[in-house]
Amino acid sequence: MKLVTAVIKPHKWEEVREALETFGVTGMTVTEVSGYGRQKGHTEVYRGAEYDIALVPKIRIEIVVDEADTDDVVGIIVKTAQTGRIGDGKVWVAPVESAVRVRTGERDEAAL
Amino acid sequence: MKLVTAVIKPHKWEEVREALETFGVTGMTVTEVSGYGRQKGHTEVYRGAEYDIALVPKIRIEIVVDEADTDDVVGIIVKTAQTGRIGDGKVWVAPVESAVRVRTGERDEAAL
Amino acid sequence: MKLVTAVIKPHKWEEVREALETFGVTGMTVTEVSGYGRQKGHTEVYRGAEYDIALVPKIRIEIVVDEADTDDVVGIIVKTAQTGRIGDGKVWVAPVESAVRVRTGERDEAAL
Amino acid sequence: GSMDTGHAAWVLTSASLVLLMTPGLAFFYGGMTRSKSVLNMMMMSFGAMGIVTVVYILWGWSMSYGSDAFGAGKAGLFGNPFELFGLENIDAGAYISVAFQLTFAIITAALVSGAIADRVKFSTWMVFVPIWVTLSYFPLAHMVWGGGFLSGTKGGLVTWFFDNVVPVDYAGGTVVHINAGMAGLVLVLVIGARRGFGKEVMRPHNIPFTMLGAGLLWFGWYGFNVGSFVPSATPGVAGKSGAMFENSVQFATNFVGETGLVWVNTTAATAAAMLGWLLVEKIRDGKGTSLGAASGVVAGLVAITPACGALSPVGSMVLGVVAGAVAAVAVGMKYRFGYDDSLDVVGVHLVAGLVGTIGIGFLATSDGLFYGGGFSQLIVQTMIAVFAMLWSGVFTLVIALALKYTMGWRITEEEEVEGIDFVEHGETAYEFASRSGSPRGAAGSLVTSSKSEGVNA
Amino acid sequence: GSMDTGHAAWVLTSASLVLLMTPGLAFFYGGMTRSKSVLNMMMMSFGAMGIVTVVYILWGWSMSYGSDAFGAGKAGLFGNPFELFGLENIDAGAYISVAFQLTFAIITAALVSGAIADRVKFSTWMVFVPIWVTLSYFPLAHMVWGGGFLSGTKGGLVTWFFDNVVPVDYAGGTVVHINAGMAGLVLVLVIGARRGFGKEVMRPHNIPFTMLGAGLLWFGWYGFNVGSFVPSATPGVAGKSGAMFENSVQFATNFVGETGLVWVNTTAATAAAMLGWLLVEKIRDGKGTSLGAASGVVAGLVAITPACGALSPVGSMVLGVVAGAVAAVAVGMKYRFGYDDSLDVVGVHLVAGLVGTIGIGFLATSDGLFYGGGFSQLIVQTMIAVFAMLWSGVFTLVIALALKYTMGWRITEEEEVEGIDFVEHGETAYEFASRSGSPRGAAGSLVTSSKSEGVNA
Amino acid sequence: GSMDTGHAAWVLTSASLVLLMTPGLAFFYGGMTRSKSVLNMMMMSFGAMGIVTVVYILWGWSMSYGSDAFGAGKAGLFGNPFELFGLENIDAGAYISVAFQLTFAIITAALVSGAIADRVKFSTWMVFVPIWVTLSYFPLAHMVWGGGFLSGTKGGLVTWFFDNVVPVDYAGGTVVHINAGMAGLVLVLVIGARRGFGKEVMRPHNIPFTMLGAGLLWFGWYGFNVGSFVPSATPGVAGKSGAMFENSVQFATNFVGETGLVWVNTTAATAAAMLGWLLVEKIRDGKGTSLGAASGVVAGLVAITPACGALSPVGSMVLGVVAGAVAAVAVGMKYRFGYDDSLDVVGVHLVAGLVGTIGIGFLATSDGLFYGGGFSQLIVQTMIAVFAMLWSGVFTLVIALALKYTMGWRITEEEEVEGIDFVEHGETAYEFASRSGSPRGAAGSLVTSSKSEGVNA
Ligand SMILES: Nc1ncnc2c1ncn2[C@@H]1O[C@H](COP(=O)(O)OP(=O)(O)O)[C@@H](O)[C@H]1O
Ligand SMILES: Nc1ncnc2c1ncn2[C@@H]1O[C@H](COP(=O)(O)OP(=O)(O)O)[C@@H](O)[C@H]1O
Ligand SMILES: Nc1ncnc2c1ncn2[C@@H]1O[C@H](COP(=O)(O)OP(=O)(O)O)[C@@H](O)[C@H]1O
């Protein structure tokens, strides 16, 4: 199994979710994160004092997937989350040795 | 070493922490996340407009553990976090190549 | 490639970011997390009722790095985030099999 | 002669209460927006407090209560803007009425903003407001309260059809609520819907703020309604003032009796409307919501505004429960017809304003249909309501289109996604850094404000 | 004759101020709950504003100030509910008193809700409130302020024992605070504790809201206390009104002198109580807290409520510091005895209400023990306090049990975990989407509200 | 004779309004701090409400309005603190003035706290406040309003230079704003900057709270300014009271005319200042901010405070727009000169207070420079402004240094990082647990409060 981690633009989240659902991904875990990268944050002004906000809000998605689906899942995310503008984010894949469904204790593929 | 990642129901967190503490886990990192899966979110109504909230609040726990303890730790989490109802969550295990304690620079097992 | 995950004290974040930037890390993903460990939380009192808050606010940094840079990156984080006081945090390294830049579809090293 | 000091004390209190209603509205509306739009929403209210005050002092009072532009005594459309320009040489006794009346102009303009949340350039709003109050609010205030075309004054609209039926608008059902509601509807049609309207979740980001706003509005509304008492008030001329009175038992009896009744009626209708709205929700959705309670409160306050001097407490409860229930249903319409009246200015203010203004025809204890008064009052009330809708609709449309093709109303779609608070004001509303600071809190550093130094230099 | 217009202006202001206290209370309480319960907490206050207003207009005023149910002039237990039903045919001069008094009934009911936070069906609450005010509040108001059994009227309780000692409750120590506090205690015992009480962290989710509530309560309390001035006020009949006065120098002197003193005393006790509470915390916990300051403010306001007309400013400070310190200790009791008085209605309102009501016996400048007045006033004050506790306790118990075995009070444990805001109202209080939207904000889509269309159709 | 009851009703309302300003200020300031400091910020305001009330009743009123310490009638520096100690044996008619005046002392002390946000021991603040009002506020109140050294009284400062020019400070430009602003500046210089000042992001954590505060301040300010009306007010003695009046048409005319004008002027200046501030931002930063609007509101209210009785509505708008623009630039100075006036007490209160106090010399309709009145008034206004700055500066410096070397002012750097709310009060402001509880919400358990049991035992 693999763990696919994707960091995308927040307003793309809904689309990505739908695309993955259609593909058959039944579950994922989502986190509100802040991104730092080429896409620069913006400048806010409070009583004439300017602040550079370096971080940009992003959505981080974690999906544990069956080996076989990995490339498709990555592909779907990249396709759907793409706007072509800087800050679209990253997707990375890491190995997972085992997974368990807490409710049933089912393991690995069965746990997804 | 391994990284055990668990996604559980928020109100189970306290119990899980205690169970792990008793077992001897001295540290972990906790994140408020949103879960998407079989457990459906709920419907909120604002001025007659219904919204389906697809996501469910979950707690995500990360524990870097000594190879040997992995199965016990996973087992304890599954046992304690289980309610038998849909949405109990997942636990997965991934390899970790090295770990460092920032305070001392100690490495790997010593870092935990 | 590797995934470097660091959990540090929040007020150290800015310094760490600068240090990594100077070294040439162009991107990272940051999450507000809560830490549990040797560093005990504190006690709050509301209308005479004392509560032990077990968790401590931490910042979690994820950086996907080129194999070669891993040790340097870990070293920089440890050096900069260190205060010598309990609760400075952990850094761990895990394998990453592939990475993609959503904007362009570039893969692996090119995606960073 | 002189104004009674007890009455004056109450008018000073009332003016201050109504002034507070606009910040209250800022919270009622601000709580309903998404968290990336709350500051802009509030700024539309605060901006109105700034700009309307200035124009009201310059020509607003003169256009509302100055002698008729087409000759004194004429039941005309607006007062001469130059007669009392800048409040130069007005009788000192009139300042207190200026105080009270300018707060009405402010909140009426601010009410409109709820319809166009999240998507409008602040600069365009700040240009729209002064023009709109000049063309729509001041004239209607003159017509209804300044002895103009919608008052009982000879030559006025209703006097063409009826001899002695006087239109009733105690505190602003037509001038304020129908006017604002209609303006909101027209603006929405001209400006269009928010990106993602009807698809994305656009839930209130801070319902307690909306409850706070409702509470402050309810509180301030006592100034709005009860402060509209006019010595020997004849319905329809509330707000007209400056009349001098000897302090006398007879005045005191009139003052105590009428203000007491208006206070009780205002409360009765508001409470009943809250229950009415909650009831509809309970039946329709299975649960009564707090947003519904807050909305019902406002719907009730709107409905009783024109009627508070003409009904009995029980009659006020009847009006209130109807207004609350009808508005609770009306706010659903926008999804049906697809116009993005974002915070339901139409559903609440236009609808409840009509319920109240026309409801007087049924429930007025003096001559309402249910009290055997026949249809004449009902017809008269409908006439002024319709006229007010037309006037407001036409002038708002003209201004809205003019601005659309000049300054333009909308920010871009990308900017809507980014959030109008940042785009238009360079700010974000909240920074809940955890105790020791969040990444966003710590992230980034002060750019020692060179620009401001430049200015200092 | 006629009511003085200056006095009337102040009563109108006061009624509006007291009305604002209930939204203020919604924030004082709402800030103390967990974030998943804040809306329900506020709805218990807003719901009370809706339902109490309706019943007060229908039979509340009549039961409180109508002639005694057992024959006029009798120092009885409640007024005839039908005499002035719906406020039909009451003297116009009385509306202003209805206005002032109904706000007291509202907040008293709302105060009770703090004891049962997070766990009670909204429908049961909305049934409890009208029954409770009818059986507990209106009778006590009649007894204390309506010339009934706890007033100085011949035949009243105290007149059996003393010839010319008049019980003192200027603005509601017994009727409001002891009554609400006792009701809260009984409800808690009947309904039981929250899931996890005494184990889980149940900390306030928004202390600034609690500070806001404290500020609004303090502000509104000037209406509560100072508005309770009654021309030629004889202690114990404050709030009774409608008496007609010629405007006269002698009246003015009485009005200015008494209201000024009451205002200063109210402030003195409140300030001292805040310091008293903070002092206990500083000594006991090492730090004075902001929640403690807000709580001390309310404890002081409660304690001075019955006493504000009878003490000197310095005496008021003494009463305040005692009330603040005692309440600060009292709120700890619930953990000791294991009753979940969630937001300390007992610790603050019952305890400080007793301190204030009985404290008069010591500190009244006219006849307090410390001023050489002997024990009689002290005994009288204790008598009315105890009687109020009994009355409130008994009737609350009856209603609470009746509802327990019919509608039921509690939501399920799972629902408590899920959060009562969603369970009972279908809402959540906050959505702090980050600037470009959080997952929860974006997650899910609008189900174009078919139900509401159904209703529209 | 007797005070007019209408006037009295308004003073009661005004005292309550000004009392509300301090909680309002707590939100105006609290919203601007980081979320780890908001409670401490609010506590500095609430703490002032507690401690100042106590000292005001004990010796504050006596020092402000008691007969001159150096012999009655002398235009001296402060009143005899023992003469009316504890308000014993003052005329009953004076309580209402005590009520009104003590609220001014409270807010003046609270205003100072904005300069020293996030870093000061609460205990030191609670010691500073009573000493500071005693040495700086009460004397200045006596000098300006108590017939003392800065009033028109013979022997007073200005009477040495001019025969019949009376210094004008209607509601507190010198006593309140210049005094507080100067004190803030001195404290900052003695106490030093926050850790990370000028480097780290120190953005407001909750701008809607700041807007709420601005709204409540604006509302309350009508009590502040309009309530300062004094029968036959001669400029410079506003606030002096207790003078008895027959209710008369002539009084009523004076009352209605002057209060109405003051209300309108207050609103005119505030609105114009908001626009002035936004304009500077629009030009300098490209965007008008909501924080700027809220700040402009306060700057305008500050500037019009001394001038509200002396200007025309149009003149008030001119004063306002200047004050708003100048303050908008002034708040930038602290980064330039590196003093950490955290929430701009200097930039807003000192600067706008000077603009208003001195602006009278130009804009007073009676004798301002622009109205052909020559330079004398301008000089007189400058004299009292400078004297107030010196007095406040010197005494604040003495107290600040004394405390620095005894109790000490600062918490440690680590504690600043940790957050002063927790460090000084053992609390954190917010706990936005998600619906089913966040880790921090769930994390940890109740330590059944043994200490409090100890106290109970
Ligand atoms: N090396 C990295 N490790 C982890 N996350 C990264 C890394 N680089 C970028 N990111 C995440 O991806 C987001 C987008 O990256 P950015 O460089 O801004 O744009 P792009 O990916 O289009 O070049 C960043 O905000 C950050 O959250
Ligand atoms: N494939 C997955 N990858 C990562 N997290 C998952 C995955 N599937 C489920 N989850 C997490 O587990 C939680 C529970 O899953 P769900 O399907 O709702 O119930 P159950 O695990 O009992 O079948 C989800 O809310 C989500 O946070
Ligand atoms: N085994 C672990 N797995 C994951 N995170 C951990 C682990 N142990 C500690 N942490 C994280 O590191 C932080 C600091 O650890 P702690 O034991 O408090 O101090 P130190 O690392 O200096 O000994 C904790 O708050 C937690 O977030």
Side-chain angles (χ1 to χ4, degrees), chain D residues 4-7 9-10 13 17 34-36 198-201 203-208 211-212 215 218-219 222 226 247 249 252-253 255-257 259-261 263-264 267-268 271-272 274-275 280 284-285 287-291 293 313-314 317 329 332-333 335-336 417-419 422 428 430 432, chain E residues 1-9 12-13 15-16 19-20 23 26-27 30 38-39 42-43 46-47 49-51 53-54 57 86-87 92-96 98-99 102 122 209 246-247 424-427 429-433 435-437 441-446 448-449 451-453 455-456:
Chain D
D4 172 75
T5 59
H7 179 209
W10 176 241
T13 304
L17 285 169
R34 286 165 294 177
S35 62
K36 61 182 175 179
K199 291 192 299 298
E200 280 177 28
V201 172
R203 55 153 291 176
H205 87 285
N206 196 329
I207 294 180
M211 309 282 278
L212 174 62
W218 192 340
F219 176 56
Y222 290 113
V226 185
N247 183 322
V249 168
T253 311
F255 177 73
V256 173
T259 53
L261 177 65
W263 200 103
V264 171
T267 313
M274 184 205 301
L275 298 178
V280 167
R284 183 184 65 198
D285 312 320
K287 294 169 180 178
T289 68
S290 54
L291 181 61
V314 171
M317 290 200 271
V329 173
M333 296 187 306
Y335 300 107
R336 202 93 158 301
V417 172
E418 168 80 349
F422 168 66
T428 49
Y430 307 103
F432 291 118
Chain E
S2 148
M3 186 177 187
D4 172 75
T5 58
H7 180 208
L12 289 170
T13 304
S16 310
L19 191 286
L20 179 66
F27 277 78
V38 52
L39 296 179
M42 292 186 166
M43 278 299 278
F46 274 74
M49 295 176 85
I51 196 70
T53 298
V54 171
I57 288 172
L87 305 182
Y95 284 127
I96 196 168
V98 175
L102 83 77
F122 185 62
F209 276 1
E246 266 8 73
N247 183 321
E424 284 294 298
H425 305 292
E427 301 167 293
Y430 308 103
E431 175 55 73
F432 292 117
R435 219 173 55 268
S436 324
S445 49
L446 177 68
T448 346
S449 170
K451 292 216 208 79
S452 74
E453 288 194 5
V455 177
N456 290 333

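So you know, we letter chains A, B, ... as the sequences are listed, proteins then strands, and number each from 1.
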- Message: Can you tell me how far apart CE (Met42(E)) and CE (Met211(D)) are? Round to the nearest 0.5 Å.
- Response: 6.5 Å
- Query: Which one of Leu87(E), Val54(E), Val98(E) satisfies the side chain to side chain contact (heavy atoms under 4.5 Å, CB included) criterion with Pro313(D)?
  - Reply: Leu87(E)
- Message: Counting only non-hydrogen atoms closer than 4.5 Å, does Leu102(E) touch chain D with its backbone (N, CA, C, O), its side chain (CB onward), both, or neither?
- Response: side chain
- Quick one: what part of Phe27(E) sits under 4.5 Å from any heavy atom of chain D, side chain, backbone, both or neither? side chain
- Task: Before giving the answer on side-chain contact (heavy atoms from CB on, under 4.5 Å), spell out for Tyr430(E) and Ser35(D) the whole-Å C-alpha distance, their side-chain angles and the decisive distance to 0.1 Å.
- Result: CA-CA 9 Å; Tyr430(E) 308 103; Ser35(D) 62; over 6 Å; no
- Item | Donor-acceptor pair between Ser290(D) and Glu427(E) side chains, under 3.5 angstrom | yes
- Item | Under 4.5 Å from any heavy atom of chain E - which part of Leu275(D) | side chain
- Quick one: which of Gly86(E), Ala429(E), Gly30(E), Ala8(E) has the most heavy-atom pairs under 4.5 Å with chain D, could you say? Ala429(E)
- Message: With a 4.5 angstrom heavy-atom cut-off, is it the side chain or the backbone of Ala26(E) that approaches chain D, or both, or neither?
- Response: neither
- Item | Separation of Phe209(E) CZ from Leu212(D) CG (nearest 0.5 Å) | 7.5 Å
- Message: For the CG atom of Asp4(D) and the CG atom of Asp4(E), what is their distance to the nearest 0.5 Å?
- Response: 8.0 Å
- So, for Gly257(D) and Tyr95(E), which heavy atoms are closest and what is the spacing to 0.1 Å? O-CD1, 4.0 Å
- Item | Taking every non-hydrogen atom, the tightest pair across Gly215(D) and Leu20(E) | O-CD1, 4.1 Å
- Most contacts with chain D, counted as non-hydrogen pairs under 4.5 angstrom, among Leu12(E), Leu19(E), Thr53(E): Leu12(E)
- Item | side chain to side chain contact (heavy atoms under 4.5 Å, CB included) involving Ala9(E) - partner list, sequence neighbours excluded | Ala9(D), Trp10(D), Ala9(F)
- Under a 4.5 Å heavy-atom cut-off, does chain E meet the side chain of Met274(D), its backbone, both or neither? side chain
- Query: What pairs with Tyr222(D) under side-chain hydrogen bond (donor to acceptor under 3.5 Å, both in side chains), at least two apart in sequence or on another chain?
  - Reply: Trp218(D), Thr267(D)
- Top contributor to chain E interface from Leu261(D), Val314(D), Thr13(D) [non-hydrogen pairs under 4.5 Å]: Leu261(D)
- Closest non-hydrogen atoms of Val256(D) and Gly93(E), given as atom of the first, atom of the second and distance, are CG1-O, 4.1 Å
- Message: Nearest 0.5 Å, please: how far is OG1 in Thr253(D) from CE in Met3(E)?
- Response: 11.5 Å
- Message: To the closest 0.5 Å, what do you measure between CD1 (Ile57(E)) and CE (Met317(D))?
- Response: 4.5 Å
- Task: Name the option with the most non-hydrogen atom pairs under 4.5 Å to chain E; the candidates are Gly288(D), Ala293(D), Pro204(D).
- Result: Gly288(D)
- Any chance you could measure His425(E), atom NE2, to Lys287(D), atom NZ, to the nearest 0.5 Å? 9.5 Å
